Engineer: 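The structure that follows is given in the form of structure tokens.
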Amino acid sequence: MKTLPDFDMVLFGGTGDLAMRKLLPALYQQVRAGTVPQGSRILAAARKPLSREAFLELAETTCRPFLGADYDADTWRAFAARISYFPMDVQAGASYGALGAALGLHPDRVRVFYYSTSPDFFATISDHLGAAGLITEASRVVVEKPLGHDLDSSREINDAVGRHFAERQIFRIDHYLGKEPVQNLLALRFGNVLFEPMWRREWVQDVQITVAEQLGVEGRGDFYEGTGALRDMLQNHLLQLLCIVAMEPPPSSDPDAVRDEKLKVLRSLKPFTPADVAARTVRGQYKAGAVAGAPVAGYVEEPGVAPGSRTETFVAVKAEIETWRWAGVPFFLRTGKRMPEKLAEIVINFRQVPHAIFGEATQGTRSNRLIIRMQPDESMRLHLVAKQPGDAMALHPVHLNLDFSESFRARRLEAYERLLMDAIRGRLTLFVRRDEQEAAWRWVEPILESWAASEDRPKAYTAGSWGPAASSALLSRDGLAWNEED
Ligand SMILES: NC(=O)C1=CN([C@@H]2O[C@H](COP(=O)(O)OP(=O)(O)OC[C@H]3O[C@@H](n4cnc5c(N)ncnc54)[C@H](OP(=O)(O)O)[C@@H]3O)[C@@H](O)[C@H]2O)C=CC1
Ligand SMILES: O=C1O[C@H](COP(=O)(O)O)[C@@H](O)[C@H](O)[C@H]1O
């Protein structure tokens with residue numbers, strides 16, 4: 001892998017869940033891969049009044065389980081040597097002095113500010129960085145999702161960040177875009193001629209996107225209460241996946257060429273009327289149950305969750321794209337916490353053969369579908385039927401493995417690892433542009449408004465199930481069912 005340019009990365013929220021589970025492990029992996037130049041530095045900042053040594057101890061203990069067999073003490077030492085820690089309140093302008101002194105004057109050196117804190121701080125941090133003169137031409141800022149809680153608040157944050165950083169310096173991260181199978185889907189669609197003629201309403205019956213988690217809110221109840229599954233997952237991750245499936249071939253892989261096409265998809269999504277919200281969305285909230293054989297509490301019993309909370313932990317939506325390519329093809333999206341398994345997949349269900357010369361055997365539900373799986377395993381499989389060896393013309397479901405993981409022995413990069421490296425290199429293709437983000441908010445807002453105005457509560461589902469029964473009904477009304485393929 002190519003070496004990165006010399007960089008300084010300032011990690012606001014350096015003691016937080018995201019930093020410890022994803023960001024520091026991603027940087028460690030790059031040190032291990034030998035791509036991080038000797039002089040590059042990681043400057044972690046958070047409120048806790050820790051010494052550098054205490055922070056490093058906390059980081060090692062917390063990150064180690066996420067590194068698994070890739071942890072080794074020598075590499076960790078080499079990684080830790082690049083880290084410093086700044087105890088500071090990001091709201092206090094005076095606390096940026098020490099950070100500025102450490103960063104020094106290096107106008108050409110890549111400087112990445114990663115905002116891994118609540119989005120409530122993004123404007124303030126940007127203002128203080130600007131006032132302290134810490135934003136150079138070679139600076140970038142990475143902002144986490146969800147950005148705001150609706151269109152207006154996302155605009156306010158984008159305006160505030162945009163007062164100090166040009167759009168080309170703003171990296172709005174959506175880690176689902178960094179997942180290997182998503183990259184591979186782009187390669188499959190735009191690197192081959194085979195699928196393009198079939199990638200349209202004439203041949204595609206429906207598309208299903210599922211992101212299911214076994215986890216609950218994992219101590220993030222306070223955060224989740226004001227967020228819910230629609231804002232936390234669907235507004236960003238699932239809609240970005242939908243864009244990758246549905247976009248027209250871009251003229252190049254240039255960031256704006258790709259993002260222009262995604263924007264067109266978001267702008268072509270059929271808007272929701274209040275009646276549509278009732279008919280085309282389902283929201284659920286888990287109650288006590290069992291996941292992976294262990295009993296788990298219901299959402300309202302989680303710390304930080306208000307009694308009687310109406311926050312949804314599950315959402316399913318039927319989306320429609322009003323273009324010649326996709327008219328009439330339903331895109332079903334669902335995501336939820338405390339589901340039976342961790343599963344993230346995109347299923348493209350192609351139409352069945354128009355005339356079945358082999359009888360019913362070719363009409364089975366298992367064939368003519370492409371499954372792009374991001375979790376738990378990473379794979380891309382085309383499900384077909386083939387003749388079973390032997391005398392009789394008996395057909396049997398088979399699949400072609402399209403990601404050729406056997407052919408490529410290189411280590412697969414974790415999504416955050418790829419995206420952090422892209423941010424350091426200044427590559428914007430896998431990051432979300434402001435207009436895309438706002439189009440996504442515009443589309444989900446009527447759902448949020450209808451839910452807020454409604455007397456109805458989210459439908460209860462037992463932890464460890466696939467969500468409320470209404471989720472299956474959303475598809476069965478079209479004579480369809482969620483994929484249950486292994
Ligand atoms: N966790 C996840 O899986 C994901 C998180 N995100 C987003 O990433 C961001 C961070 O999330 P997460 O790590 O979970 O949040 P946490 O609550 O775990 O961490 C928040 C971090 O912000 C720091 N912080 C809070 N207040 C201040 C302050 N006044 N001054 C300085 N530092 C402060 C905390 O420091 P201290 O510990 O010292 O108080 C802590 O390091 C959020 O925007 C979230 O929406 C996005 C996708 C996934
Ligand atoms: O962005 C988020 O994603 C995680 C799930 O990510 P995954 O890569 O593990 O599927 C989710 O748990 C979290 O609530 C959300 O903020």
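Order of listing sets the numbers, starting from 1, for every ligand and every atom in it. If you read the sequence from its start, that first residue is 1, and numbering goes on from there. The structure presented is a predicted model; accordingly, all values stated were derived computationally and were not measured.
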Engineer: Is any NZ, NE, NH1 or NH2 atom of the basic residue among D150 and R231 found under 4.0 Å from an Asp or Glu carboxylate oxygen of the other?
Structural biologist: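 Answer for the salt bridge query: no.
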
Engineer: In the protein, what heavy atom is nearest to atom 48 (C) of ligand 1, and what distance, to one decimal place, separates them?
Structural biologist: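 In this structure, atom 48 (C) of ligand 1 has L18 CD1, 4.0 Å as its nearest protein heavy atom.
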
Engineer: Looking at every heavy atom in both K264 and S268, which two are closest together, and how far apart are they?
Structural biologist: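 For K264 versus S268, the nearest heavy atoms are O-OG, 2.6 Å.
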
Engineer: Looking only at protein heavy atoms, identify the closest one to atom 30 (N) of ligand 1 and say how far it is in Å.
Structural biologist: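 Heavy-atom neighbour on the protein nearest atom 30 (N) of ligand 1: V90 N, 2.9 Å.
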
Engineer: Write out the residue and atom name of the closest protein heavy atom to atom 7 (C) of ligand 1, then the distance separating them to 0.1 Å.
Structural biologist: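 The closest one turns out to be K145 O, 3.6 Å.
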
Engineer: Could you tell me the residue and atom name of the protein heavy atom closest to atom 10 (O) of ligand 2, and the distance to it rounded to 0.1 Å?
Structural biologist: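 Protein heavy atom at minimum distance: Y176 OH, 2.4 Å.
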
Engineer: Compute the minimum heavy-atom distance from F121 to ligand 1 and say whether it is under 4.0 Å.
Structural biologist: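 It does; at least one heavy atom falls under 4.0 Å.
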
Engineer: What I want to check is whether the side chains of R172 and N236 have a donor and an acceptor closer together than 3.5 Å.
Structural biologist: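 Their side chains do not contain a donor-acceptor pair, so the 3.5 Å distance test is not met.
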
Engineer: Does an N or O anywhere in R47 fall below 3.5 Å from an N or O of ligand 1?
Structural biologist: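 It does: an N or O of R47 is found under 3.5 Å from an N or O of ligand 1.
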
Engineer: Pick, from E144, Q91, K48, M20, the option with the minimum heavy-atom distance to atom 8 (O) of ligand 1.
Structural biologist: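 Residue with the shortest heavy-atom distance to the ligand atom: E144.
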
Engineer: Identify the closest protein heavy atom to atom 40 (C) of ligand 1: which residue and atom is it, and at what distance?
Structural biologist: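 Heavy-atom neighbour on the protein nearest atom 40 (C) of ligand 1: T15 OG1, 3.5 Å.
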
Engineer: Please list, in number order, the atoms of ligand 2 under 4.0 Å from a heavy atom of K145.
Structural biologist: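 This gives 1 (O), 2 (C), 15 (C), 16 (O) as the contact atoms.
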
Engineer: Tell me the closest heavy-atom pair linking W441 and L147, and the distance in Å.
Structural biologist: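 Between these two residues, the closest heavy atoms are NE1-O, 3.2 Å.
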
Engineer: Does K262 pair with E436 as a salt bridge, N-O distance under 4.0 Å?
Structural biologist: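 Yes.
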
Engineer: Does the pair Y461 and F314 meet the rule for a ring pair (Phe, Tyr, Trp, His ring centres under 6.0 Å), with working shown?
Structural biologist: CA-CA 9 Å; Y461 63 95; F314 173 94; 5.7 Å; yes

Engineer: To which protein heavy atom is atom 9 (O) of ligand 2 closest, and what is the distance rounded to 0.1 Å?
Structural biologist: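 Residue, atom and distance for the closest contact: K342 NZ, 2.9 Å.
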
Engineer: Could you tell me the residue and atom name of the protein heavy atom closest to atom 21 (C) of ligand 1, and the distance to it rounded to 0.1 Å?
Structural biologist: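 Answer for atom 21 (C) of ligand 1: G13 CA, 3.6 Å.
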
Engineer: Under 3.5 Å, is there a donor on one side chain and an acceptor on the other for E302 and Y286?
Structural biologist: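 A pair is found: one side chain offers a donor N or O, the other an acceptor, under 3.5 Å apart.
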
Engineer: Please identify which atoms of ligand 1 are closer than 4.0 Å to at least one heavy atom of F223.
Structural biologist: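 Numbered from 1, ligand 1 contributes 45 (O).
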
Engineer: Nearest non-hydrogen atom to atom 19 (O) of ligand 1 belongs to which of G16, A46, P49, G14?
Structural biologist: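 It is G16 that holds the nearest heavy atom.
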
Engineer: Going by atom types only, do D127 and T124 share a side-chain donor-acceptor pair under 3.5 Å?
Structural biologist: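 No - no donor-acceptor pair under 3.5 Å links their side chains.
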
Engineer: Could you tell me if R280 sits above the aromatic ring of F272, with its cationic atom closer than 6.0 Å to the ring centre and no more than 45 degrees from the axis?
Structural biologist: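 That pair qualifies as a cation-pi contact.
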
Engineer: Would you call K22-E144 a salt bridge at under 4.0 Å N-O?
Structural biologist: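 Judged by the 4.0 Å cut-off on N to carboxylate O distance, K22 and E144 do not form a salt bridge.
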
Engineer: In terms of ring plane angle, is the pair Y71 and Y28 parallel, tilted or perpendicular, where the classes change at 30° and 60°?
Structural biologist: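 It falls in the parallel class, under 30°.
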
Engineer: Going by the order shown, which atoms of ligand 1 are within less than 4.0 Å of some heavy atom of S116?
Structural biologist: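 With S116 as reference, the close atoms of ligand 1 come out as 9 (C), 10 (C), 21 (C).
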
Engineer: So which of E213, R21, E414 gets nearest to atom 5 (C) of ligand 2, if we judge by its closest heavy atom?
Structural biologist: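 Shortest heavy-atom distance from atom 5 (C) of ligand 2: E213.
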
Engineer: Using a 4.0 Å cut-off to any heavy atom of H237, which atoms of ligand 2 qualify?
Structural biologist: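 In order of numbering, the contacting atoms are 1 (O), 2 (C), 3 (O).
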
Engineer: List every atom of ligand 2 that sits less than 4.0 Å from any heavy atom of K337, numbering the atoms from 1 in the order shown and giving each element.
Structural biologist: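 So the answer, numbered in order with elements, is 11 (C), 12 (O), 13 (C), 14 (O).
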
Engineer: Which option out of L23, D17, L58, D89 puts a heavy atom nearest to atom 14 (O) of ligand 1?
Structural biologist: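 Heavy atom nearest to atom 14 (O) of ligand 1 belongs to D17.
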
Engineer: Strictly by modelled atom types, are Q235 and K145 linked by a side-chain donor-acceptor pair under 3.5 Å?
Structural biologist: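 No pair is found: no donor N or O on one side chain lies under 3.5 Å from an acceptor on the other.
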
Engineer: Who gets closest to atom 4 (C) of ligand 1 by heavy atom: R21, K22, H237, R220?
Structural biologist: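 When every heavy atom of R21, K22, H237, R220 is considered, R220 comes closest to atom 4 (C) of ligand 1.
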
Engineer: For K179, is the nearest heavy atom under 4.0 Å from an atom of ligand 2?
Structural biologist: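 Within the 4.0 Å threshold, so yes.
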
Engineer: Any protein heavy atom under 4.0 Å from atom 36 (P) of ligand 1?
Structural biologist: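 Protein heavy atoms within 4.0 Å of atom 36 (P) of ligand 1 - there is at least one.
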
Engineer: Hey, which atoms in ligand 1 end up nearer than 4.0 Å to a heavy atom of P119?
Structural biologist: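 Those qualifying, in numeric order: 43 (O).
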
Engineer: Could you tell me whether R369 and D206 have a side-chain N and a carboxylate O separated by less than 4.0 Å?
Structural biologist: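 Not counted as a salt bridge, because no side-chain N and carboxylate O are separated by less than 4.0 Å.
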
Engineer: Testing the 3.5 Å rule here: is there a donor-acceptor pair between the side chains of T210 and E345?
Structural biologist: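 Side chains of T210 and E345: no pair found under 3.5 Å.
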
Engineer: Measure the distance from atom 42 (C) of ligand 1 to every protein heavy atom, then report the residue, atom name and distance (to 0.1 Å) of the closest one.
Structural biologist: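 The closest heavy atom on the protein side is T117 O, 3.2 Å.
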
Engineer: Using a strict threshold of under 4.0 Å (side-chain N to carboxylate O), is an ion pair present between R283 and D456?
Structural biologist: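 Salt bridge between D456 and R283, a charged N being under 4.0 Å from a carboxylate O: no.
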
Engineer: Please identify which atoms of ligand 2 are closer than 4.0 Å to at least one heavy atom of D232.
Structural biologist: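 Near D232, the atoms of ligand 2 are 13 (C), 14 (O), 15 (C), 16 (O).
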
Engineer: At under 4.0 Å between heavy atoms, is it the side chain or the backbone of Y224 that contacts ligand 2, or both, or neither?
Structural biologist: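 Near ligand 2, Y224 shows nothing, with every heavy atom at 4.0 Å or more.
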
Engineer: Regarding S126 and Y115, is there a side-chain donor-to-acceptor distance under 3.5 Å anywhere?
Structural biologist: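 Y115 and S126 do have a side-chain donor-acceptor pair below 3.5 Å.
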
Engineer: Identify, by atom number and element, the atoms of ligand 1 in contact range of M88, meaning under 4.0 Å from any of its heavy atoms.
Structural biologist: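 Atoms satisfying the 4.0 Å criterion: 30 (N), 31 (C).
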
Engineer: Looking at ligand 2, would M374 count as a contact under a 4.0 Å heavy-atom criterion?
Structural biologist: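 Flag not set, M374 not near ligand 2.
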
